[in-house]
Amino acid sequence: MSSQATDHAHDDHGHHVTSITTLIATFAALVALTFLTSALAQVNLGRADIWVTLGIATVKAALVAVFFMHLAHDKGFNAVILLSTLGFATLFICFALMDKGQYQPQIDDYNADKRQAAAEMSGS
Amino acid sequence: MATAEAIESSTDAHADDHSGHGDHDHPAWLAHHFESPEQQFDAGKLGMWLFLAQEVLFFTGLFVAYAVYRANYPEVFINAHHYLNPVLGAFNTIVLLASSLAIAWAVRAAQKGENELLMWLHVFTLGCAGLFMGVKTVEYAYKIDEGLLWASMYNPQHLTDTGLHTQLGTFFWMTMTFGVIVGLAGWMLKGGKSVAWGWVIFSIGVILMSTAAGVVVANAIQVSSMEADHGQHASADGHDGHGAAAHGDEHGSSHAEEGHAKEGHADDDHSSDGPAADGHHGSDHAEEALAPGVLPKPEGEEQMGAAAEEAEPSEDTEPTAEDAAEEATAEEPTAEPAGETEAASEPAAEGEAAEEGGAEAAETEEAPVAAKPVYGANEGNFFSIYFAMTGVHAIHIFAGMIAFLWIIYRIAKRNFSPEFYGPVEFVGLYWHLVDLVWIYLFPLLYLIH
Amino acid sequence: MITQSKDGEFVDPYGDRRIEIPQGPSYLSDPPGSTLWQRVKLWAFTVDHKRIGVMYLVGILSAFLIGGIMAGLVRMELWTPGADLLNFGAGANPEEAATIAKDKYNEFFTLHGAIMTFLFIIPSIPAALGNFFLPMMLGAKDVAFPKLNLASFHLWVFGALFFVGALLTTGLDTGWTFYTPYSTTTSGPVIAATTGVFILGFSSIFTGINFVVTVNTMRPKGMTWFKMPLLLWGLYSTAIIQVLATPVLAITVLLLTAEKALGIGIFDPAKGGDPVLYQHFFWFYSHPAVYIMILPAMGVISETIPVYCRKHIFGYRFIAYSSIAIALLGFLVWGHHMFTSSQSPLAVVLFSFLTFSVSIPSAIKVFNWLATMYKGSISLKTPMCYALSFMSLFTIGGLTGLYLGSLSVDEHLHDTYFIVAHFHYVMMGGTLIAFLAGIHHWWPKMFGKMYNETLARIACLLVFVGFNVTFFPQFILGTRGMPRRYASYEPEYQFLHQLSTCGFFILGSGLFLAAGVLLYSLLWGKKAPANPWGAATLEWKCCSPPTHHNFETMPWVGSPYVYDDFVYDPDEEGYFELLPDLSRGNKPAEETVPAQV
């Protein structure tokens, strides 16, 4: 709580002023994670790759949200908004992926037929 | 009467709109329908968070498209990522992170009433935004040149080099010249007639100059990575090699430019120095960065390199200029030292040289261009999504720039104080979200394998 | 109100407990001496939520008129089995004439659907009535962001212009859903329409943001969450959907535009894309959009029923929570639009199950309204008549939705007139009727004039009868296999189609009568008292029409559904409020809000 950031009527409701140390440390962590994720891209982690990558991105996103965007010291409701938004986003992605995964084999079959037909047509 | 006042305020660009309903204890910046500054601040912040929620779901559509296509055509994505340069992606990530840091810092400055710092942090952020856009310009230019476009325009070909580098050079010069002029004009204006508009115009100049800088840095990175790739697996991978091949033959003709670059650099010192009063270490720095690192390439760019590196320091406190330079150096370890001095002068001549190089490259290049499948998925799908995602993101960056210019105008107008700094924080939140989206875009697009 | 006491003296039995509502200059009045141009500017650039609400009202009703004319043309084409009307005499021979007529038919139903959905129903209650009444019901001076509110209206106008453009250039025949691949290959002005949709989407988002922020931060201290009128809960849930779902529509139409203009191929199978993905995108927004349409309507009904039954709403919290539940569940059911669109069997089953779950909160509301009416002292004023219409029509619409949610039945009924009838029962029988209920309920407050009750009730009857005659036969048509979106049909369907067309004219005459009654009242109606119905929500505690600042003195915040303190005054033909009995736990809002606004 900083006295500078308050209006006189609400001295006790002042807004949190993020310290320079926090800002710099957050930035340093973000840069480090950027290098980490770039470096990991050189290493083949197989199937885990995407999850590691996304995990690092999520950590970075969380750092930005919590410190740069002040969620750490903000009204809880704003965090609820962000989280529920992410919830809906996840829901959308999962349903679409699930459905697409289910009917994709049919499309693949169709495409294979089509390709074969095209190959026969061109005669080579 | 009240309505008449409302009208007046609605033509006024400020958020301190309908103040002045004869309300006694309302400060000028407190809108009449709010009871307390706290309420106004909370409302604004909640509104911005809801807007961000909206933004997240807007981007979600693109992420869904991405996820679905990646899940179904993993080979397309793995193949296509060879076309993207992760160094550029990482560079842009750092640039955006630095701007995010600056803007978070700006909120702190606003809370503490440090107006001067607040202003310069915003100018710095705009510089970062410009740098980001410059890098994007180079990336898009390469993609367009190579025909790596969305599905219906997907027509991969070898980098032609000629047109591309001339155009990038022209783009650099135009942007830089225009940026310097605009920046100087703004600098003078803010010292004189209109402080607020002066700052805005000066900031536009900074954006343009840093865009130009971004073009140079990105091109250097791009060329050197292609070079590196070419060296490492020249014959292994057609995709990787095809860009670099074009440059291979040019070494001879374009080494010449190094010297010229230095000269141009010296000249430029003066021209771009005006607004950047404290661009003191700019020149040393630029040389440090460029001297060992610069790869042979058509002339315009060398000059770009020099001039741009200088333009950078025009935002005084930033770490990015250094970052940029370091980045550039780091990426170009294999390049030969710049030694030759030969003053080649005309871009036209360069164009020819490059053209020849390109032509030769095309002849000698043997790696196959990715074949288009008869039906269904191809790399074009990847580039559809790539352009949709990065394009929409770039539009958001652009919108953020406009918002920052508005904030800069208001800072110069002394609108903000520790009691009232809401708009600074709200626009900052928006900028952080744009950064957040990029944090996901970078690994998803650039680091696939 | 003076009465004669036993002793023959004239006394006012309520004495000083009577709350006088201060009068002030109406929000409709402009500064004296302003020129016409100044007046126009004062309206077009106002930041007063009431004026914005009125402008929205005019705008959406114009859109409704255009959409209604389109509907009329469609219905008239269906009078005969052949496609023979909409060629307007063009075409050298019968085949050519029929082709032209069929093309025109496609255009007209497309524009009917698109205009009604995007320009009328979605903004109807939230943007027109909501803008006007949300701050007043809350006890706030304005919405949180008045200029954003104005921007939202301007965007609406701008988006509407694109639709008018699409209308004038003709050839938009994709249906309001813009399904790919047809929409990307047709030569019609799809881009104009999708640009319009994009802009309208942002109009809707801005309204949503404004409402959530207003409700969250602008409540005076006496106004707790559970003292809010249920319309506000409805609008709040709607706003959540507007903020969270509409951006997906924006990106959908943006990708569609990119697909059409640049050929990015995300939805085009020939380029490796997937048209079913488009449907996922589209319905991720457009199903929740159905709840954008119906939730505020339910809110309006929750407001009107207790007032005209003089009884506290039954199950306040259940109705409030069910609004939120519908809003959230509404996000989980979009796939039920795609049962026959080669969606995967797993998704189909999941979505079917989730669809049934939405009926629970909807049923909670209907039963609570019924329970509110039980033993109430019901007065069949016009808004109540509309509310009763709503309940029966919405129930039919909702129950037929269950048929469509069942997989096997849907296979048969999909894309038939059954579904046309179903969504008209929900959207028109639900939202439009509730909108009419709301308009009649709040008309005296909005414009300060009383309308002719008898004629308005006749109009309501015509609308109810006309609506059922129009759409009930379509259920039968659908079950018999009449597919939707065809200009011609087998002769055996003709009787039911003609019945439906007759119904359209009854419905239309009812709507015109209602409009006439209301417009007549504007000019020649009796001046309305502050509280003609004896409602307890805050918007009735200021003069009619309200002043620029809504409340000249802050009203007492009581329960929105306790009518004990409202007494009818025959002299004013309206109700007045008594000072609340503080023993009942009512608190004056004045403690926290300055009395002088």
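Proteins come first, then strands; the chains are lettered A, B, ... in the order of their sequence lines, and each starts at number 1.
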Asks: Roughly how far apart are B:Glu55 CD and A:Thr85 OG1, rounded to 0.5 Å?
Replies: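 Answer for the CD-OG1 pair, B:Glu55 versus A:Thr85, is 11.5 Å.
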Asks: Using non-hydrogen atoms only, which part of A:Leu33 is less than 4.5 Å away from chain B: side chain, backbone, both, or neither?
Replies: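 For A:Leu33, no heavy atom lies under 4.5 Å from chain B.
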Asks: What residue, out of B:Asp435, B:Leu57, B:Ile103, has the most heavy-atom pairs lying under 4.5 Å from chain A?
Replies: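 Most heavy-atom pairs under 4.5 Å with chain A: B:Leu57.
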Asks: Chain A: which of B:Leu50, B:Asn72, B:Leu429, B:Val68 shares the most heavy-atom pairs with it under 4.5 Å?
Replies: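 Counting heavy-atom pairs under 4.5 Å, the top option is B:Asn72.
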Asks: So which part of B:Leu46 gets closer than 4.5 Å to some heavy atom of chain A, the side chain, the backbone, both or neither?
Replies: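 For B:Leu46, the contact with chain A is made by backbone and side chain together.
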Asks: For A:Phe95, is it the side chain, the backbone, both, or neither that has a heavy atom closer than 4.5 Å to a heavy atom of chain B?
Replies: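 For A:Phe95, neither part sits under 4.5 Å from chain B.
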Asks: Give the intermediate values and the outcome of ring-ring contact (aromatic ring centres under 6.0 Å, His included) for residues B:Phe382 and B:Tyr73.
Replies: CA-CA 9 Å; B:Phe382 175 82; B:Tyr73 310 118; over 10 Å; no
Asks: If you count heavy-atom pairs under 4.5 Å between each of A:Leu86, A:Thr53, A:Thr90 and chain B, which one has the most?
Replies: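 Top option by heavy-atom pairs under 4.5 Å: A:Thr53.
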Asks: Is it the backbone or the side chain of B:Leu97 that comes under 4.5 Å from a heavy atom of chain A, or both, or neither?
Replies: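 Both the backbone and the side chain of B:Leu97 come within 4.5 Å of chain A.
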Asks: Which atoms of B:Phe442 are under 4.5 Å from chain A, going by heavy atoms: the side chain, the backbone, both sets, or neither?
Replies: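 Answer is side chain: those atoms of B:Phe442 sit under 4.5 Å from chain A.
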Asks: Side chain from CB out, backbone as N, CA, C, O: work out which of these in B:Val437 comes under 4.5 Å of a heavy atom of chain A, or both, or neither.
Replies: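 For B:Val437, there is no contact with chain A at all, as no heavy atom is under 4.5 Å.
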Asks: By a 4.5 Å heavy-atom criterion (distance strictly below it), what part of B:Pro86 contacts chain A: side chain, backbone, both, or neither?
Replies: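 No part of it gets close to chain A.
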Asks: Taking side chain as everything from C-beta outward and backbone as N, CA, C, O, which of these in B:Ile448 sits under 4.5 Å from a heavy atom of chain A? Side chain, backbone, both or neither.
Replies: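 Neither; nothing under 4.5 Å.
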Asks: Is there a donor-acceptor pair closer than 3.5 Å between any side-chain N or O of B:Gln222 and the backbone N or O of B:Leu88?
Replies: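 Looks like no, no N/O pair under 3.5 Å.
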Asks: Given that the side chain runs from C-beta out, which part of A:Thr58 has a heavy atom under 4.5 Å from chain B: side chain, backbone, both or neither?
Replies: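 Both parts, heavy atoms under 4.5 Å.
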Asks: Could you measure the distance from the CG atom of B:Leu444 to the OH atom of B:Tyr66? Nearest 0.5 Å is fine.
Replies: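 Nearest 0.5 Å value for the CG-OH distance: 4.5 Å.
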Asks: Tell me, for A:Ile56 versus chain B, whether the close heavy atoms (under 4.5 Å) come from the side chain, the backbone, both or neither.
Replies: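 It is neither, since no heavy atom gets under 4.5 Å.
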Asks: Identify, with sequence neighbours excluded, every residue that meets side chain to side chain donor-acceptor pair (under 3.5 Å) alongside A:Lys100.
Replies: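 Side chain to side chain donor-acceptor pair (under 3.5 Å) list for A:Lys100, sorted by chain: A:Gln104, C:Asp274.
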Asks: For B:Thr93, which atoms come within 4.5 Å of any heavy atom of chain A: side chain, backbone, both, or neither?
Replies: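 Contact with chain A involves the side chain of B:Thr93 alone.
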Asks: When rounded to the nearest 0.5 angstrom, what distance separates OG1 in A:Thr34 from CG in B:Leu96?
Replies: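 Reported to 0.5 Å precision, the distance equals 10.0 Å.
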Asks: Taking atom CH2 as the centre, does B:Trp438 end up with more than 12 heavy-atom neighbours from other residues, nucleotides or ligands that are less than 6.0 angstrom away?
Replies: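 More than 12 within 6.0 Å, yes.
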Asks: Hey, could you give me the NE2/OH distance between B:His393 and B:Tyr440, rounded to the nearest 0.5 Å?
Replies: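 Interatomic distance, B:His393 NE2 to B:Tyr440 OH, rounded to 0.5 Å: 13.5 Å.
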Asks: Report the option among A:Cys94, A:Gly101, A:Ser38, A:Ser84 that has the most heavy-atom pairs separated by less than 4.5 Å from atoms of chain B.
Replies: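 Most heavy-atom pairs within the cutoff with chain B belong to A:Ser38.
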Asks: Given heavy-atom pairs under 4.5 angstrom as the criterion, report whether the side chain, backbone, both or neither of A:Val64 touches chain B.
Replies: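 Contact with chain B is through the side chain of A:Val64 alone.
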Asks: At a 4.5 Å cut-off on heavy atoms, which part of B:Phe59 comes close to chain A: side chain, backbone, both, or neither?
Replies: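 For B:Phe59, no heavy atom lies under 4.5 Å from chain A.
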Asks: Tabulate below the donor-acceptor pairs under 3.5 Å that side-chain atoms of residues 65-74 of chain A make, not counting sequence neighbours, or state none.
Replies:
from    : atom 1 : to       : atom 2 : distance (Å)
A:His70 : ND1    : B:Glu425 : OE2    : 2.8
A:His70 : NE2    : A:Thr18  : OG1    : 3.4
A:His73 : NE2    : A:His16  : NE2    : 3.4
A:Asp74 : OD1    : A:Asn78  : ND2    : 3.4
A:Asp74 : OD2    : A:Asn78  : ND2    : 3.1
A:Asp74 : OD2    : B:Lys45  : NZ     : 3.2

Asks: Please round to the nearest 0.5 Å and tell me the distance separating atom CD1 of B:Ile439 and atom OG of B:Ser100.
Replies: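 So the CD1 of B:Ile439 and the OG of B:Ser100 are separated by 7.0 Å.
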Asks: Does any backbone or side-chain atom of A:Lys75 lie under 4.5 Å from a heavy atom of chain B? Answer side chain, backbone, both or neither.
Replies: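 The side chain, not the backbone.
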Asks: When rounded to the nearest 0.5 angstrom, what distance separates CG in A:Asp49 from CG in A:Leu40?
Replies: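 Interatomic distance, A:Asp49 CG to A:Leu40 CG, rounded to 0.5 Å: 8.0 Å.
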Asks: Using the rule ring-ring contact (aromatic ring centres under 6.0 Å, His included), only one of B:Phe416, B:Phe41, B:Phe426 pairs with B:Tyr421; which is it?
Replies: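 In the set B:Phe416, B:Phe41, B:Phe426, the residue that makes a ring-ring contact (aromatic ring centres under 6.0 Å, His included) with B:Tyr421 is B:Phe41.
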Asks: Under a 4.5 Å cutoff for heavy-atom pairs, which residue among A:Asp99, A:Ile20, A:Thr26 has the most contacts with chain B?
Replies: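 Of the candidates given, the most pairs with chain B belong to A:Ile20.
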